Structure formats: structure tokens, C-alpha cells
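Here the structure is laid out as C-alpha cells; the discussion comes afterwards.
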Amino acid sequence: MLPALCGELFSRLYNLMFGSVPASFVSISMIALSMALRQGCDGSILLDNSANMQSEKDAAPNTNSTRGFNVVDNIKTALENSCPGIVSCADILALAAEASVSSQGGPSWTVLLGRRDSLTANQAGANSSIPSPFESLTNITAKFTAVGLNTNDLVALSGAHTFGRAQCRLFSSRLYNFSGTGNPDPTLNSSYLTTLQQICPQSGSGFNVANLDPTTPDSFDNNYFVNLQNNRGLLQSDQELFSTSGAPTISIVNTFSSNQTAFFQSFAQSMINMGNISPLTGSNGEIRSDCKKVNGS
């Protein structure tokens with residue numbers, strides 16, 4: 001449990017530094033998810049490159065897709081000035097993920113604290129463990145199962161794509177040459193396809209962005225699942241939750257699309273489940289004074 005002063009300071013700093021920038025909100029949630037699926041909530045994704053360490057920030061699934069690191073760093077600096085050695089970088093991420101969701105209209109949950117920070121990064125592990133937007137539902141399910149998360153967790157946590165943006169390079173193959181067919185992904189709604197082709201022309205740079213949720217892109221709600229039912233999932237990995245024939249995820253998508261309360265309850269529990277993956281506690285790891293580097297480096 002955070003000392004009262006530290007908790008109050010965290011809340012004030014978070015509100016001040018994030019303002020109302022949706023990209024930062026969703027990035028914090030995605031950073032936390034990426035970190036947990038790699039080897040647990042240990043703050044490793046926050047470490048920069050060093051002489052003997054390759055940063056997870058540069059792993060293929062994370063390149064140009066996770067932002068908000070500077071906000072975490074700024075919160076950490078201010079906390080160290082008032083509460084030195086108390087709040088780990090891993091706990092800051094967990095707290096910020098909850099605040100980012102609840103402040104955008106989503107559920108809130110009690111964040112369990114006491115995590116410590118890793119002493120190293122694992123870029124190779126990030127490349128192999130974090131799901132990519134091009135992967136099959138079978139592969140993504142296996143990655144969740146490997147860390148003790150089930151199908152309901154997979155669908156609920158995918159609902160974090162109810163807000164935020166994605167670069168064209170992450171889904172443009174669906175628009176023009178899906179799986180090498182020379183044609184668009186047949187699961188894409190035709191009018192949605194036209195809209196996306198305008199945002200992401202075939203000869204474009206790939207760095208334009210589209211809303212993950214074309215209906216309510218800056219709010220945390222259950223419209224993500226309604227979009228999937230209407231074949232308006234932006235990423236292949238999103239749409240496969242509903243369009244993979246016979247998949248157990250389909251019924252969960254249907255439940256969450258018709259019952260936002262059920263989605264919110266499942267999402268909150270799944271975030272708790274994710275936050276409990278292999279935390280460093282006791283004498284393991286450390287509480288970094290600077291989230292970008294291990295102590296003494």
C-alpha cells in the first residue's frame with residue numbers, strides 16, 4: 001500500500017501530466033500489457049539501451065507503438081523527490097494503467113502493489129512473446145495461455161483497443177494484399193475498407209494513423225466489440241476474435257458487445273490477473289530511482 005503522501009502525489013502528477021491526450025492513455029495500458037506478456041510486470045520495458053542491454057522499447061512489437069514513457073519518467077522523478085525508494089516503476093505502470101482506463105470512462109479496480117523492478121531487459125523475449133497484429137488467433141491464445149491467462153482474459157484485454165490509434169503499416173496488408181492474395185481481407189466491411197484506404201494509400205509511408213475504434217475513439221466503452229460484429233476491427237488480430245470460425249472467443253465478443261457492465265467487470269479482473277504475472281517481490285530486483293536505467297549504472 002502506498003503511503004498517503006505518495007498516493008496523493010501520484011494522483012496529482014498523473015492528472016497534470018496526462019491532461020486529456022488519448023494517445024498517452026492507451027499507450028500506458030499497452031505498455032503494461034506488453035510488459036506482462038513478456039515476463040511479468042517488472043518494469044523492464046522502461047529500460048533504455050545500454051552497453052550491455054538491448055531495450056525492449058526497440059523490440060519489433062513495440063517500435064513506434066508504445067508512447068508515454070516520458071510521462072512515467074516524469075512521475076517517477078517527482079515521486080523520488082518526495083518518496084524516495086518507495087514506489088517502483090512497475091507499480092507506477094500498474095497504477096497509471098488503471099488511471100488511464102477509469103479516467104476515460106472505463107472501470108476502476110484496486111491495484112495490488114509491492115512489485116519491484118527488473119535488473120535487465122529482454123528484447124529477444126519481447127520479440128517472441130508479445131502478440132503481433134498479424135498473428136493468428138491460435139498463436140495469440142497460446143501466448144496468453146503461456147502466462148496463465150485464459151480466453152476470457154484475451155478477449156477482455158483486447159477491448160483496450162476501444163481507444164487509441166494504430167499506424168497504417170500494422171494493418172495495410174489487409175487493405176490491398178491480404179495473405180498474399182492480391183485482394184483485401186474479405187472480412188473487412190466494404191465501406192470501412194474504403195475509409196481505411198483513404199487514410200492509408202497503397203503508396204503511402206505507413207505511418208499515418210487510424211482510430212482503433214472508429215465510432216468512439218477517445219472513450220473506454222464496449223463499442224470495440226460492436227465493431228468486430230460489424231467487421232470493423234482495425235487489426236487482423238482484433239477481427240479474428242469474431243471472424244475465426246468456431247472460435248470460443250465469438251460468444252465472449254457477443255456478450256461484451258451487448259453488456260458493457262460484463263465487459264468492464266471482466267476487463268478489471270483481467271487487468272488484476274495480468275498484473276499478478278510473475279511479480280518481483282521481497283529481495284528480488286530493485287526499486288529503481290530512474291525508470292530508464294538500473295541503479296548504479
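Numbers here simply count residues along the sequence, with the first being 1. The structure presented is a predicted model; accordingly, all values stated were derived computationally and were not measured.
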### Query
T244: what forms a side-chain contact (heavy atoms from CB on, under 4.5 Å) with it, not counting sequence neighbours?
L137, E240, A247
### Message
Restricting to side-chain contact (heavy atoms from CB on, under 4.5 Å), what partner residues turn up for D185, sequence neighbours left out?
### Response
R174, F178, T187, L188
### Message
Can a donor-acceptor pair be found, under 3.5 Å and without considering hydrogens, that links the side chain of N177 to the backbone of G182?
### Response
yes
### Query
Under a 4.5 Å cut-off applied to non-hydrogen side-chain atoms, are L46 and K292 in contact?
no
### Task
Only one of N295, V294, D117, T77 passes side chain to side chain contact (heavy atoms under 4.5 Å, CB included) with S289; say which it is.
N295
### Query
Taking only residues at least two apart or on different chains, which pairs with a member in residues 186-257 satisfy disulfide (SG to SG under 2.5 Å)?
C168-C200
### Message
I want to check something: taking the side chain as every heavy atom from C-beta on, are F171 and P133 in contact at a cut-off of under 4.5 Å?
### Response
no
#### Entry: Under the ring pair (Phe, Tyr, Trp, His ring centres under 6.0 Å) test, residues paired with F220 that sit two or more places apart
F163, F263, F264, F267
### Task
For T194, enumerate each residue passing the side-chain contact (heavy atoms from CB on, under 4.5 Å) test, keeping only those at least two apart in sequence or located in another chain.
Q198
### Query
Are Q104 and S219 side-chain neighbours, meaning at least one heavy-atom pair lies under 4.5 Å?
no
### Query
Is the closest side-chain heavy-atom distance between S158 and L154 below 4.5 Å?
yes
### Message
Using the side-chain hydrogen bond (donor to acceptor under 3.5 Å, both in side chains) definition, which of the options T216, D213, N230 pairs with N223?
### Response
T216
#### Entry: Those residues that, when tested against S266, pass side-chain contact (heavy atoms from CB on, under 4.5 Å) (two or more places apart)
N152, A156, F256
